Amino acid sequence: MGANGSKEGRRRLVFTYGTLKRGFANHGLMQDLIRTGDAAFVGTAHTAAGLPLVCGPYRVPFLLNLPGAGEHVFGELYAVSSRALARMDDLEGTRKGHYERLPISVVVVDGEGQKEVEAEAYYAHRSYAGVMWRRCGELGYKVYSEKEAKGYVRRKDRPHDITFLDQIRIFIASPQT
C-alpha cells in the first residue's frame, strides 16, 4: 500500500465543484473510481480565495482562474490515483482545451474544524476564461446547486456536429439574457 492507503502510491487531491459532485450528472465517474479503489471522498471544502464560478453553454459549470473576482466556492474534495486523474482529465477535455487542471488552495471543513490544503481543480481554459466572466456579467455562484444545474444538458444529448469549444465560443459571443 502507498500513501493514503492507495494501491499504487501517492494520491492527488482534486477539488470538484460541479457535475462531479454527489447528486450531479457526472458523479457516476467518481462512484466508479471509488469502487475500483482509485478515488476516496475526503470531505466538503471551499476555495481559500474568492474565485468566479459560472455556467456556460448547456449550464455546464466553469471555475475561472481569476483570484479575488468571485466568491468562496463550495464543493467536494477527493483523493485520487493517477488512473483516476487520467479518466477525469478525459472527461474534462484537458487535451482539447476545454478545462485545465491547476493548483488550488481549499479549506476542508469537518467536525474538527477547518484545515487549508493544496489540491488541484479543473478551471475553464485560460484561452476563454476572462471573456466568459465578462459574458456572465461578472456574476458568479458560491455553489453549483440543483438550481444552477437546472437545464444542464448531458454531453450525449448535445449536438455532435459541433465541438464543445465551438459551443463555448458561440455562448461567449451571444448576448447575455
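Remember, it's a predicted structure, so these values are computed and weren't measured experimentally. Because only heavy atoms are used, hydrogens play no part in the values below, and waters and symmetry mates are left out as well, while side chains stay in.
- The shortest distance between side-chain heavy atoms of Leu165 and His98 falls below 4.5 Å.
- Using a 4.5 Å heavy-atom threshold, the side chains of Asn65 and Leu102 count as touching.
- Arg169 forms no cation-pi arrangement with Phe164, by the criterion of a distance under 6.0 Å to the ring centre and an angle within 45° of the ring axis.
- Tyr58 and Asp157 share no donor-acceptor pair across their side chains, judged by distance under 3.5 Å alone.
- At least one side-chain heavy atom of Phe171 sits less than 4.5 Å from a side-chain heavy atom of Cys136.
- No donor-acceptor distance shorter than 3.5 angstrom exists from the side chain of Glu92 to the backbone of Asp89, with no hydrogens or angles considered.
- Contact of the Thr94 side chain with the Tyr122 side chain is registered, since non-hydrogen atoms from C-beta on lie closer than 4.5 Å.
- In this model, a donor atom of one side chain and an acceptor atom of the other lie less than 3.5 Å apart for Ser174 and Arg135.
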Where do Phe41 and Tyr78 land on the ring pair (Phe, Tyr, Trp, His ring centres under 6.0 Å) test, with the steps shown first? CA-CA 5 Å; Phe41 177 74; Tyr78 291 86; 5.5 Å; yes
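- A salt bridge links Arg22 with Glu76: the distance from a Lys NZ or Arg NE/NH1/NH2 to an Asp or Glu carboxylate oxygen falls below 4.0 Å.
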Decide side chain to side chain contact (heavy atoms under 4.5 Å, CB included) for Val117 and Val106; before the verdict, give the C-alpha distance in whole Å, the side-chain angles of both, and the deciding distance to 0.1 Å. CA-CA 6 Å; Val117 298; Val106 297; 3.6 Å; yes
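- Looking only at distances, no side-chain donor or acceptor of Thr47 sits under 3.5 Å from a matching main-chain atom of Gly50.
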Go through it in stages, so that I can follow the logic: the residues are Val60 and Arg158, the test is side chain to side chain contact (heavy atoms under 4.5 Å, CB included), and I'd like the CA-CA distance, side-chain angles, deciding distance and then a yes or no. CA-CA 11 Å; Val60 172; Arg158 298 176 198 157; 3.3 Å; yes
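- Hydrophobic clustering, with ILVMFWY side chains joined whenever heavy atoms are under 4.5 angstrom apart, groups Phe24 together with Met30.
- Considering NZ of Lys21 and CG of Asn26, their distance stands at 12.5 Å, rounded to 0.5 Å.
- Taken together through direct or relayed side-chain contacts under 4.5 Å among Ile, Leu, Val, Met, Phe, Trp and Tyr, Val131 and Trp133 form part of one hydrophobic cluster.
- Proximity of Pro61 to Leu53: side-chain heavy atoms (C-beta onward) are separated by under 4.5 Å at one or more points.
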In sequence, state the C-alpha distance, the side-chain angles, and the governing distance for Leu33 and Leu29, and then conclude on side chain to side chain contact (heavy atoms under 4.5 Å, CB included). CA-CA 6 Å; Leu33 296 172; Leu29 172 61; 4.0 Å; yes
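- Side-chain contact, Ser105 with Glu118: a donor N or O sits under 3.5 Å from an acceptor N or O.
- The hydrophobic clustering, which links ILVMFWY residues whose side-chain heavy atoms are closer than 4.5 Å, places Ile172 and Val153 together.
- Every residue was checked against the side-chain hydrogen bond (donor to acceptor under 3.5 Å, both in side chains) condition with Asp110, not counting sequence neighbours, and none meets it.
- Residues passing the ring-ring contact (aromatic ring centres under 6.0 Å, His included) test with His72, sequence neighbours excluded: His46.
- Formation of a donor-acceptor pair under 3.5 Å by the Glu120 side chain with backbone atoms of Phe15 is not found in this model.
- The number of heavy atoms from other shown groups lying within 6.0 Å of CD (Glu146) does not exceed 12.
- In terms of modelled atom types and a separation under 3.5 Å, the side chain of Arg126 and the main chain of Leu64 share no donor-acceptor contact.
- The hydrophobic clustering, which links ILVMFWY residues whose side-chain heavy atoms are closer than 4.5 Å, places Val80 and Leu77 together.
- The main-chain N or O of Ala79 is found under 3.5 Å from a side-chain atom of Arg11 such that the two form a donor-acceptor pair.
- At a threshold of 4.5 Å between non-hydrogen side-chain atoms, the residues Gln167 and Pro159 count as touching.
- His27 contributes a side-chain N or O that, together with a main-chain N or O of Leu20, makes up a donor-acceptor pair within less than 3.5 Å.
- Put simply, OG1 on Thr19 and CZ on Arg154 are 9.0 Å apart, with the number rounded to the nearest 0.5 Å.
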Before you tell me yes or no, could you show the steps for Met132 and Arg134 under side chain to side chain contact (heavy atoms under 4.5 Å, CB included), namely the whole-Å CA-CA distance, both residues' side-chain angles and the distance that decides it to 0.1 Å? CA-CA 5 Å; Met132 183 170 282; Arg134 289 187 294 280; over 6 Å; no
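- Hydrophobic clustering, with ILVMFWY side chains joined whenever heavy atoms are under 4.5 angstrom apart, keeps Val143 apart from Val14.
- Tyr144 contributes no side-chain N or O that, together with a main-chain N or O of Val73, makes up a donor-acceptor pair within less than 3.5 Å.
- Annotation: side chain of Phe62 is not in contact with side chain of Cys55 (no heavy-atom distance under 4.5 Å).
- Side chain of Glu116 to backbone of Ala48: no donor-acceptor contact under 3.5 angstrom is found.
- A salt bridge is absent between Asp38 and Arg87: the closest approach of a Lys/Arg side-chain nitrogen to an acidic carboxylate oxygen does not fall below 4.0 angstrom.
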